[in-house]
Amino acid sequence: MERNGKLPKIYLTAVFLVLYAPIFYLIFYSFNSGGTMSHFESFTWEHYAAVFEDKRLIIIVLNTVVVALLSALISTAIGVMGAITIHYMKNKAMRNAMLSMNSILMVSPDVIIGASFLILFTLVGIKLGFASVLLSHIAFSIPIVVIMVLPKLQEMSPTLIDAALDLGATRKEIMSRVILPFIKPGIFAGFFLALTYSLDDFAVTFFVTGNGFSTLSVEIYSMARTGVTLTINALSGLIFVITAGLILGYYFLTNRPKTPARGLKR
């Protein structure tokens, strides 16, 4: 029994080592004054200073964050309405067809989606740049939000809406006071997942970005093609630390013990 109990721990440890060892290796050499990843000479901050001195790189980081936030917000709003519409469709065949179409977008290769958007924007006449990247990110994020919201809608009992109707609630009040509060966890999960997908996306963005506009993933790829420099290590290290800090902060905020409310004095 003891041996069987240790096997899952050993397996998880091995998985985490495989996942995190390359990241820590990359961060370790971001402090190397030698300029290569073959031999560590001495500790330095010069590669991190180079990241902050590169104004173009800072603009690209801001572009990436703005696109991610806007696409996540817009796709969440559209995805929530889409999930509600699909859930309350009376025609079962139509509902299944919509779910299938949503799932196809989830499993389609990013290269095909990116090439399709490139052809579409070229035909329509949309200039490649901020608008094309934003529209593409909204489009591939909507199915993600739908998938995250639908399970919460399926968990909701129909009697909640019936009770609200019996109490004289309007459709608007049912939406704002019954449905949306109940599916709030799914909405937040869809938003953060859409935000993550947008920040990480490379394949689709590579097809639809134009001259004068770039995102972080595309820029790192372009930098790596000319030769891996330790500036990339420093930039990747900063992104990893910031992301880890946000996740840990969110974890501690959501899991902190709630202090009991004090009684009111008479």
Side-chain angles (χ1 to χ4, degrees), residues 64-158 160-162 171-172 174-176 178-210 213 215 217-218:
T64 305
V65 173
V66 169
V67 168
L69 286 172
L70 285 176
S71 63
L73 285 169
I74 297 170
S75 62
T76 300
I78 298 172
V80 169
M81 293 299 106
I84 292 171
T85 303
I86 292 171
H87 180 71
Y88 288 106
M89 276 185 176
K90 294 181 180 179
N91 190 326
K92 189 176 179 180
M94 181 63 72
R95 183 169 67 249
N96 290 334
M98 294 296 292
L99 286 171
S100 298
M101 290 176 67
N102 189 79
S103 299
I104 289 170
L105 290 174
M106 289 285 295
V107 299
S108 295
D110 289 344
V111 174
I112 295 175
I113 295 174
S116 302
F117 279 125
L118 176 62
I119 295 168
L120 175 65
F121 294 144
T122 303
L123 291 174
V124 176
I126 296 176
K127 187 179 178 181
L128 298 182
F130 175 78
S132 62
V133 173
L134 179 61
L135 289 172
S136 301
H137 284 218
I138 291 170
F140 71 65
S141 296
I142 290 173
I144 298 168
V145 178
V146 172
I147 289 294
M148 299 305 295
V149 173
L150 271 175
K152 296 303 296 181
L153 285 167
Q154 291 165 357
E155 289 176 11
M156 188 173 65
S157 174
L160 290 174
I161 295 176
D162 293 337
R171 290 182 179 272
K172 185 178 179 181
I174 291 172
M175 178 65 73
S176 61
V178 179
I179 297 176
L180 290 180
F182 190 89
I183 64 173
K184 189 185 291 183
I187 295 173
F188 279 106
F191 171 80
F192 285 112
L193 200 56
L195 183 70
T196 304
Y197 267 68
S198 179
L199 289 170
D200 290 344
D201 181 72
F202 167 74
V204 176
T205 308
F206 182 77
F207 278 94
V208 297
T209 191
F213 185 86
T215 61
S217 58
V218 176

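We're numbering straight along the sequence, starting at 1. Fair warning: this is a prediction, and the values are worked out from it, not measured in the lab.
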| Thr76 pairs by side-chain contact (heavy atoms from CB on, under 4.5 Å) with which of Leu195, Leu193, Ile187? | Ile187

| query | Can you tell me if Ser71 uses its side chain to pair, donor with acceptor, with the backbone of Ala68 under 3.5 Å? | reply | yes

| query | How long is the gap from CD1 on Ile142 to CD1 on Ile78, to the nearest 0.5 Å? | reply | 4.0 Å

| note | Tested for side-chain contact (heavy atoms from CB on, under 4.5 Å) against Ile183, the lone hit among Glu155, Lys152, Gln154 is Lys152

| task | Please tell me if the side chains of Ile86 and Met94 come closer than 4.5 Å, counting only heavy atoms from C-beta onward. | result | no

| message | How long is the straight-line distance from CG of Leu99 back to CD1 of Ile147, given to the nearest 0.5 Å? | response | 7.0 Å

| query | Do other residues, nucleotides or ligands put more than 12 heavy atoms under 6.0 Å from the CE atom of Met106? | reply | yes

| Where Val204 and Phe117 come nearest, the two heavy atoms and their spacing | CG1-CD1, 4.2 Å

| For the student: nearest non-hydrogen atoms of Ala203 and Phe207, plus distance | O-CD1, 3.1 Å

| task | Answer yes if the side chains of Ser75 and His137 hold a donor-acceptor pair under 3.5 Å, and no otherwise. | result | no

| task | Return the minimal non-hydrogen interatomic distance between Val80 and Val145, and the atom names on each side. | result | N-CG1, 4.0 Å

| remark: OH of Tyr197 to CZ of Phe140, rounded to nearest 0.5 Å, is 9.5 Å

| Ser198 (side chain) donor-acceptor with Ala194 (main chain) under 3.5 angstrom | no

| query | Under 4.5 Å between any side-chain heavy atoms of Ser116 and Ile112, yes or no? | reply | yes

| Sidechain-backbone polar pair: Ser132 side chain, Gly129 backbone, donor-acceptor under 3.5 Å | yes

| message | Please report the interatomic distance CZ(Phe202) to OG1(Thr215), rounded to the nearest 0.5 Å. | response | 8.5 Å

| message | Checking Asp201 against Phe206 for the side-chain contact (heavy atoms from CB on, under 4.5 Å) test, could you report, in this order, the C-alpha distance in whole Å, the side-chain angles of both residues, the deciding distance, and whether it holds? | response | CA-CA 9 Å; Asp201 181 72; Phe206 182 77; over 6 Å; no

| Distance (rounded to the nearest 0.5 Å) between Asp110 CG and Ser136 OG | 11.0 Å

| note | Separation between CE (Met98) and OG1 (Thr85), nearest 0.5 Å, reads 8.0 Å

